[in-house]
Enquirer: 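Let me give you the structure first, and then I'll get to my questions.
Naming: A, B, ... by sequence-line order, numbering from 1 per chain.
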Amino acid sequence: MTDTRFDPASAPADRFDPQIADSRWQRAWDEAGTFTADSNSPKPKSYVLEMFPYPSGRIHMGHVRNYTMGDVLARYKKMRGFEVLHPMGWDAFGMPAENAAMEKKVHPGEWTHANIAAMKQQLQGIGFALDWTREFATCDPEYYGHEQALFLDMYEAGLVYRRSSEVNWDPVDMTVLANEQVIDGKGWRSGAEVEKRKLDQWFMKITDFAEDLLDGLGELEDWPEKVRLMQENWIGKSTGLEFAFDLSNGEKLPVYTTRPDTIFGASFCAIAADHPIAQGLMDDPAVAAFIEECKKGGTTAAALETAEKLGFRTALTAKHPFTGADLPLFIANFVLMDYCTGAVMGVPGHDQRDFEFATKYELPIARVVAKDVSEADAPMGSEAEPGNGVIVNSDFLSGMSVEDAKADVIARAEEGGWGEGTTVWRLRDWGISRQRYWGTPIPIIHSPDHGPVPVPRDQLPVTLPEDIDFDTPGNPLERHPTWKHTICPISGKPALRETDTLDTFTNSSWYFLRFASQPADKPFDPEEIAKWMPVQHYIGGIEHAILHLLYARFWTRALAHIGKFDVKEPFAALFTQGMVTHETYYRDWRPGGEMDVRTYFEPKDVTRRDGKLFGKTFTGGEVEVTAGRVVKMSKSKKNVVDPDAIIAQYGADAVRWFMLSDSPPERDLPWSHDGIEGCGRFVQRLWRLFQQLDTSATGEDKALARKAHQAIVAVAEDIEALSFNKAVARIYELTGATEKAKPSESRNFAIRTLMSLVSPMMPHLAEEAWSVADNEGLIANAPWPTHDPAMLVEDEVTIAVQHKGKLRDTITAPKGAAKEDLEALALASEKVQRSLGEAEVRKVIVVPDRLVNIVT
RNA sequence: GCGGGUGUGGCGGAAUGGUAGACGCCGGGGACUUAAAAUCCCCUGAGCUUUGCUCGUGCGGGUUCGAGUCCCGCCACCCGCACCA
């Protein structure tokens, strides 16, 4: 055991040296296993988790901010007597590793593990209170083997199925591309025109849980409203009527509408270009040409914004179920095949898209909803009227409310047997197949006789082959000479392995369970899960508001559904932190042609002189640069500040303090050089104050003691509300007051209190000071200071005196003074009298302990 | 288009309907020092006829003894989703 006590010879006492202290205390915590979570502890449990990082290579400021917040909570909870689980690991599968393999000729695993080693060292250098004994990477065969077992559990429970689905296919690289890899319809690497291809792919039945996932949102009170709304919209529940039109060729045309009440306003029907009926008309060259035209249209947001509604009028008509009218059938570019039936009834009067379409193709635009019955004949304006009102011009529906008419039409359709009321979800089943090497192999064997067969459990994990080749295009697993060749577990005959791997979101859909419990022979132990789950505080970026958080909720529900445990929601409270931003520096110039080129400069190459900014150029010269917007740190804008360099200069505690100061945690945090300088100074200022414990000091300083007791309560409240910026301000105030006070027992108490209050935020400084002050053990194990409730109350209060709604004076009065006394005191004030002048006092409002307002 | 958020000094931001600008940063002045760094002290929303007064929380109204905060109507910026029938 190393002696962790402070050695006066090793550092000058007037200056805190993070170079020495940081590693000293990191080692001490590590050797003592201070942050190792004990699931058998009798203490109440608290699970604090930050979204685990992708091992991209280096830790950036965003990570530092995210993990500092979690760390403060974890350390605080420990001080409050909780057994805390605060683990860390690596979301290690993904495309950057494959890209590195192609570009740098390194194995994805090698690249990933080197990154993990580097980033782990960085995280340890910041002094996070993490339980490293539970660390794992999702690319560890042990982890993904258990994931394969869970996949098979879900497969056997009918939650996984296979069907054909379209993918983006790069014909040059012979690979499937993610949507983000398709740029302007071309492959990002090859530049080749991307094709749509149908492949057999695996899906998870998240739609089975659509209702549960939606209802569950209502109980997630400690989630941001914004995230809940985003998920709600994503799940997209709607109710309406599904019914079939009879077509003039004898076929049926099923459509779905949320507005069956407007059915008398229908003037056309429209189907998607890839609707089977449209496909059936392809013999007509005009139809074929139109469908081709529809496919060309971009799918980007900008393209859709301006996209014109295009239609092709077929020779077919659809018979209106009530009026019997023949409605023309169009093929239209705005109808989506993958939403519901891929066909709509067009009601131009009350749907904006239908309105635009009808205007272009000169179809009738009828009013069937009006503000009032008397406005039944009011002409339509230049836009559809999707709002509420009363039904008009609609036979038996006329006069009904929208709601009643909906119910009536649905009832008639159901009675007549030509339609039924349904609920439709926007949420689609989750396609989990990826034609990639660096992911969890899907544990399925394709048998010539028995089709897809699960890999027998005793053959798990199905591991990735190491000897792979990234030089030729395509999926390395598919091309590998031997890997996919196996035998059918049923017949014993030769068979082929599934060569697709699982979407990386699968890896992050259950990692929090594996952190809580990691037996060797199964994914997790239900008893351990019951002890730790749900996660008490989950902290991460808003970019995961939908996919990751929805998939993790789905997996948790699905696993509960098949009896794995009794937890439905994985994250009791969610916090989405803001980004770390920085000013940008740039110069616009014209290297030759007509086009301006913008060159960005790194903050470290920019100096300020005479109110101007100068950037260092490649040649070593200087040019004047402009300060641009404050935006998220990114390589492309060159406004990145590397945490390592900052820690080397100011120490971990200063950086941690910066991350918590000033900006509320949900908002963006602008990084600044002056800010970190200030934090570095504050670390030293506290250190000097901590040296001033005076054991010979006697006497009470009631005002200071009161401030210390108040701070104990206030800082705790602020941390629990994650209002770290307010906690920081409180600590500054107490620091200032303590510095000014004369030595006394109270002052010693204030100094010790400060040590405890800053310990979750600046743990190295706190440990060093705690040790110097001759305390036993580690401050990391010490409890949160206790406050004396009697000391929270002030004896005297300052009371504002207002006249004509303005502050005229302040008076000091004993706490709890009677209204009459306060009124008398206020009226006795010279300033108040001057303001009052000759005016007659009509009324005096007294708020005890707060203010007196005189009305004249 | 739909949904959500934000708007307070030079900057980041405080403020259960009750003293707007806590706290930090920047800036100014001073002390210490041969000097610098470090540290400490003071000032720091705007204006004015400066013992004090007036104005001031995106804009316009309203409620109230009293509004940054509540209500109504706007504006600007940011984020998410988006031809979802």
Side-chain angles (χ1 to χ4, degrees), chain A residues 14-15 224-230 232-234 236 238 240-242 255-259 262 270 272 297 299 301 303-305 307-309 332-336 338-347 351-354 356-357 383 386 424-428 542-543 545-546 583 630 657-658 661-664 666-679 681-682 684-685 688 723 725-736 739-740 798-811 830-831 834-835 842-847 849-856:
Chain A
D14 62 338
R15 211 180 145 72
E225 180 70 16
K226 180 188 170 91
V227 174
R228 280 155 44 187
L229 279 166
M230 282 164 80
E232 190 181 317
N233 292 338
W234 188 261
S238 79
L241 170 69
E242 187 174 334
V255 300
Y256 170 71
T257 177
T258 55
R259 295 295 303 272
T262 63
T299 51
L304 290 175
E305 181 98 29
E308 202 182 351
K309 306 273 178 289
N333 66 346
F334 70 93
V335 181
L336 306 174
D338 58 355
Y339 184 72
C340 213
T341 64
V344 298
M345 70 167 190
V347 183
D351 179 285
Q352 185 58 26
R353 287 157 311 177
D354 296 347
E356 288 169 30
F357 190 81
E383 282 186 345
V424 171
W425 305 87
R426 220 183 75 116
L427 184 69
R428 297 295 129 77
I542 186 73
E543 66 274 19
I546 298 175
E583 203 170 41
V630 179
W657 190 250
F658 185 99
S661 303
D662 298 346
S663 289
E666 68 279 7
R667 281 204 222 167
D668 288 350
L669 172 68
W671 177 267
S672 76
H673 176 76
D674 291 330
I676 185 67
E677 282 280 338
C679 292
R681 277 198 299 272
F682 185 61
Q684 299 302 336
R685 196 175 141 199
R688 284 192 299 275
S723 299
N725 56 322
K726 292 192 224 167
V728 162
R730 293 274 184 189
I731 289 168
Y732 273 117
E733 279 182 82
L734 181 58
T735 302
E739 283 170 334
K740 287 186 178 70
T798 307
I799 288 174
V801 184
Q802 295 180 337
H803 171 226
K804 285 197 267 186
K806 294 212 178 351
L807 181 72
R808 302 295 160 176
D809 197 5
T810 55
I811 54 175
E830 194 189 320
K831 289 179 183 173
R834 204 181 318 137
S835 174
R842 291 194 315 192
K843 194 175 168 189
V844 179
I845 288 149
V846 182
V847 182
D849 298 335
R850 282 232 172 238
L851 87 142
V852 178
N853 190 0
I854 301 160
V855 186
T856 53

Enquirer: Distance between the P atoms of B:C25 and B:G1, in whole angstroms?
Expert: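 Comparing P positions in B:C25 and B:G1 gives a spacing of 45 Å.
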Enquirer: With sugar-phosphate meaning primed atoms plus P, OP1 and OP2, does A:Arg842 contact a base, only sugar-phosphate, or nothing at under 4.0 Å between heavy atoms?
Expert: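 A:Arg842: no heavy atom of the nucleic acid under 4.0 Å.
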Enquirer: Please tell me whether A:Ser238 and A:Tyr256 have a donor and an acceptor in their side chains that are separated by less than 3.5 angstrom.
Expert: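 Indeed, the side chains of A:Ser238 and A:Tyr256 share at least one donor-acceptor pair under 3.5 Å.
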Enquirer: Base, sugar-phosphate, or nothing for A:Val855, non-hydrogen atoms under 4.0 angstrom?
Expert: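 Here A:Val855 touches the backbone only, sparing every base.
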Enquirer: Taking the side chain of A:Tyr732 as its heavy atoms from C-beta onward, which of B:G24, B:U51, B:A85 lies nearest to it?
Expert: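 Among the listed nucleotides, the one closest to the side chain of A:Tyr732 is B:G24.
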Enquirer: When both hydrogen-bonding distances must be under 3.5 Å and the geometry is Watson-Crick or G-U wobble, what is B:C40 paired with, if anything?
Expert: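 Check on B:C40: paired to B:G30, both distances under 3.5 Å.
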Enquirer: Among the nucleotides B:U19, B:A14, B:C81, which one has an atom lying closest to any side-chain atom of A:Thr810?
Expert: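 For A:Thr810, the side-chain atoms sit closest to B:U19.
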Enquirer: By the 4.0 Å heavy-atom rule, please label A:Lys804 as base, sugar-phosphate, or nothing.
Expert: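 No contact at all - A:Lys804 keeps every heavy atom at 4.0 Å or more from the nucleic acid.
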Enquirer: Nearest to the side chain of A:Arg426, heavy atoms from C-beta on, is which of B:G13, B:G52, B:C81?
Expert: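 Nucleotide nearest to A:Arg426's side chain: B:C81.
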Enquirer: In this structure, how many angstroms lie between the C1' atom of B:G13 and the CZ atom of A:Phe658, rounded?
Expert: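 After rounding, the gap between these two atoms is 13 Å.
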Enquirer: Hey, does the side-chain of A:Arg850 have a donor or acceptor N/O within less than 3.5 Å of a partner on the base of B:U16?
Expert: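 Between B:U16 and A:Arg850, which were checked side chain against base, a qualifying N/O pair under 3.5 Å is present.
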Enquirer: Roughly how far apart, to the nearest Å, are B:U19 and B:U57 at atom P?
Expert: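 Taking atom P in both B:U19 and B:U57, they lie 16 Å apart.
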Enquirer: Salt bridge (Lys or Arg N to Asp or Glu O under 4.0 Å) for A:Glu356 and A:Arg353? Distances and angles first, verdict last.
Expert: CA-CA 5 Å; A:Glu356 288 169 30; A:Arg353 287 157 311 177; over 6 Å; no
Enquirer: B:C25 pairs with which nucleotide, Watson-Crick or G-U wobble, both distances below 3.5 Å?
Expert: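 Matched B:C25 with B:G10 under the 3.5 Å cut-off.
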Enquirer: If I compare all heavy atoms of A:Pro670 with all of A:Val630, which pair ends up nearest, and what's the gap?
Expert: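 A:Pro670 and A:Val630 have their closest heavy atoms at CB-CG1, 4.2 Å.
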Enquirer: When the C1' atoms of B:C59 and B:C53 are compared, how many Å lie between them, rounded to an integer?
Expert: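 Going atom to atom, C1' in each nucleotide, I get 27 Å.
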Enquirer: Give A:Thr798 one of three labels, base, sugar-phosphate or nothing, depending on what nucleic acid heavy atoms sit under 4.0 Å from its own.
Expert: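 If one applies the 4.0 Å heavy-atom cut-off, A:Thr798 turns out to touch a base.
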Enquirer: Where each residue is assigned the nucleotide of RNA chain B containing its nearest heavy atom, which of A:Lys226 and A:Val335 is assigned the position nearer the 5′ end?
Expert: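 On the 5' side of the pair lies A:Lys226.
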Enquirer: When we call it a touch if two heavy atoms are under 4.0 Å apart, what does A:Ile845 touch: a base, just sugar-phosphate, or nothing?
Expert: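 Result for A:Ile845 = base.
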Enquirer: Between B:C83 and A:Lys309, counting only base atoms on the nucleotide and side-chain atoms on the residue, is there a donor-acceptor pair under 3.5 Å?
Expert: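 Looking at the base of B:C83, it does pair with a donor or acceptor on the side chain of A:Lys309 (distance under 3.5 Å).
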Enquirer: To the side chain of A:Asp662, which of B:C84, B:G13, B:G12 is closest?
Expert: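 That would be B:G12.
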Enquirer: Tell me, with the steps shown, if A:Ile854 and A:Arg808 meet side chain to side chain contact (heavy atoms under 4.5 Å, CB included).
Expert: CA-CA 10 Å; A:Ile854 301 160; A:Arg808 302 295 160 176; over 6 Å; no
Enquirer: Could you check which of B:G52, B:A85, B:U19 has an atom nearest any side-chain atom of A:Leu807?
Expert: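 Among B:G52, B:A85, B:U19, the one nearest the side chain of A:Leu807 is B:U19.
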Enquirer: How long is the line joining CD of A:Glu225 and P of B:G3, in whole Å?
Expert: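 Spelled out: CD on A:Glu225 to P on B:G3 is 14 Å.
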Enquirer: In terms of the angle between their ring planes, are A:Phe682 and A:Trp657 parallel, tilted or perpendicular, with boundaries placed at 30° and 60°?
Expert: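 Aromatic pair A:Phe682/A:Trp657 classed parallel.
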Enquirer: Here's a test of your reading of the structure: between A:Trp234 and A:Thr258, which maps to the more 5' nucleotide of RNA chain B?
Expert: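 The answer here is A:Trp234.
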Enquirer: Might you work through the side chain to side chain contact (heavy atoms under 4.5 Å, CB included) test for A:Arg259 and A:Asp351, ending with a clear yes or no?
Expert: CA-CA 9 Å; A:Arg259 295 295 303 272; A:Asp351 179 285; over 6 Å; no
Enquirer: I'd like the P distance from B:C26 over to B:A76, given in whole Å.
Expert: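 One P to the other, the span is 36 Å.
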Enquirer: Is B:G24 in the syn range, within 90° of 0, or in the anti range?
Expert: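 Anti, since the glycosidic angle lies more than 90° from 0.
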Enquirer: Examine B:A14: is either OP1 or OP2 under 4.0 Å from a nitrogen or oxygen in the side chain of A:Asn725? Give yes or no.
Expert: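 Checking B:A14 against A:Asn725, a side-chain N or O does come within under 4.0 Å of OP1 or OP2.
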Enquirer: How would you label the contact of A:Gln802 with the nucleic acid (heavy atoms, under 4.0 Å): base, sugar-phosphate, or nothing?
Expert: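 Base contact.
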Enquirer: Grab the CG-C1' distance between A:Leu336 and B:A82 for me, whole Å please.
Expert: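 So the CG-C1' distance, A:Leu336 to B:A82, works out to 10 Å.
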Enquirer: Report, one pair per line, the protein and nucleotides 37-46 of chain B atoms (nitrogen or oxygen only) whose separation is under 3.5 Å.
Expert:
none

Enquirer: Please report the distance, rounded to the nearest Å, between CD in A:Glu666 and P in B:G13.
Expert: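 These atoms are roughly 10 Å apart.
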Enquirer: Roughly how far apart, to the nearest Å, are B:G10 and B:G5 at atom C1'?
Expert: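 Here B:G10 and B:G5 have their C1' atoms 26 Å from each other.
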Enquirer: Side chain of A:Pro664 only, heavy atoms from C-beta on: which candidate in B:A14, B:G52, B:G18 is closest?
Expert: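 From the listed options, B:A14 comes nearest.
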Enquirer: If we take the P atom in both B:G68 and B:U63, what is their distance in whole Å?
Expert: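 After rounding to an integer number of Å, I get 16 Å for this pair.
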Enquirer: Across the strands shown, which category fits A:Arg808 at heavy-atom distances under 4.0 angstrom: base, sugar-phosphate, nothing?
Expert: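 Touches sugar-phosphate only.
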Enquirer: Identify whether the distance between the nearest side-chain nitrogen and carboxylate oxygen of A:Arg730 and A:Glu733 falls below 4.0 Å.
Expert: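 Between A:Glu733 and A:Arg730 there is no salt bridge, as every charged N stays at least 4.0 Å from the carboxylate O atoms.
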Enquirer: Carefully, step by step, assess A:Phe658 and A:Glu677 under the rule side chain to side chain contact (heavy atoms under 4.5 Å, CB included).
Expert: CA-CA 9 Å; A:Phe658 185 99; A:Glu677 282 280 338; over 6 Å; no
Enquirer: What distance, rounded to whole Å, do you find between the two C1' atoms, one in B:G60 and one in B:C11?
Expert: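 Straight-line distance between the two C1' atoms is 29 Å.
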Enquirer: Does B:C55 have OP1 or OP2 sitting under 4.0 Å from an N or O in the side chain of A:Lys806?
Expert: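 Yes, within the criterion.
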Enquirer: So does A:Glu830 pair up with A:Arg834, basic N to acidic O under 4.0 Å?
Expert: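 Answer for the salt bridge query: yes.
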Enquirer: Check the distance between B:A85's C1' and A:Met345's CE and give it to me in whole angstrom.
Expert: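 Rounded to the whole Å, the gap is 9 Å.
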Enquirer: Can you tell me the pairing partner of B:C2 across any strand shown, Watson-Crick or G-U wobble, with both distances under 3.5 angstrom?
Expert: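 Base-paired to B:G80.
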Enquirer: From CG of A:Asn233 over to C1' of B:C79, roughly how many Å is that when rounded to an integer?
Expert: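 It works out to 14 Å between those atoms.
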Enquirer: Is there a Watson-Crick or G-U wobble partner for B:G45 with both distances under 3.5 Å, and if so, which one is it?
Expert: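 Here B:G45 is engaged in a pair, and the nucleotide opposite it is B:C55.
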Enquirer: When the distance from CD of A:Glu733 to P of B:G21 is rounded to whole Å, what number comes out?
Expert: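 Those two atoms, CD and P, are 13 Å apart.
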Enquirer: Calculate the interatomic distance between A:Glu543 atom CD and B:G4 atom P; express it in whole Å.
Expert: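 Taking CD of A:Glu543 and P of B:G4, I get 22 Å after rounding.
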Enquirer: Identify the nucleotide, in any strand shown, that forms a Watson-Crick or G-U wobble pair with B:A67, with both distances under 3.5 Å; if there is none, say none.
Expert: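 Across all strands, not a single nucleotide pairs with B:A67.
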Enquirer: Quick one: which of B:C25, B:A14, B:U19 gets closest to the side chain of A:Lys726?
Expert: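 Selected nucleotide: B:A14.
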Enquirer: Is it the case that B:C65 (base atoms only) and A:Asn853 (side chain only) share a donor and an acceptor within less than 3.5 Å, ignoring hydrogens and angles?
Expert: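 Between B:C65 and A:Asn853, which were checked side chain against base, a qualifying N/O pair under 3.5 Å is present.
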Enquirer: Using a heavy-atom cut-off of under 4.0 Å over every strand shown, decide if A:Arg834 touches base, sugar-phosphate, or nothing.
Expert: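 The residue A:Arg834 makes sugar-phosphate contact but no base contact.
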Enquirer: Which of these nucleotides, B:A14, B:A85, B:C23, is closest to any side-chain atom of A:Val344?
Expert: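 That would be B:A85.
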Enquirer: For nucleotides B:C78 and B:G12, find the distance between their P atoms and express it as a whole number of Å.
Expert: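 16 Å, rounded to whole Å.
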Enquirer: Could you go through A:Arg228 and A:Glu232, starting from their C-alpha distance and side-chain angles, then the distance that decides it, and tell me whether this counts as side chain to side chain contact (heavy atoms under 4.5 Å, CB included)?
Expert: CA-CA 6 Å; A:Arg228 280 155 44 187; A:Glu232 190 181 317; 6.0 Å; no
Enquirer: Could you tell me whether the phosphate oxygens of B:A85, OP1 or OP2, come under 4.0 Å of any side-chain nitrogen or oxygen in A:Tyr339?
Expert: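 Yes, because at least one side-chain N or O of A:Tyr339 sits under 4.0 Å from OP1 or OP2 of B:A85.
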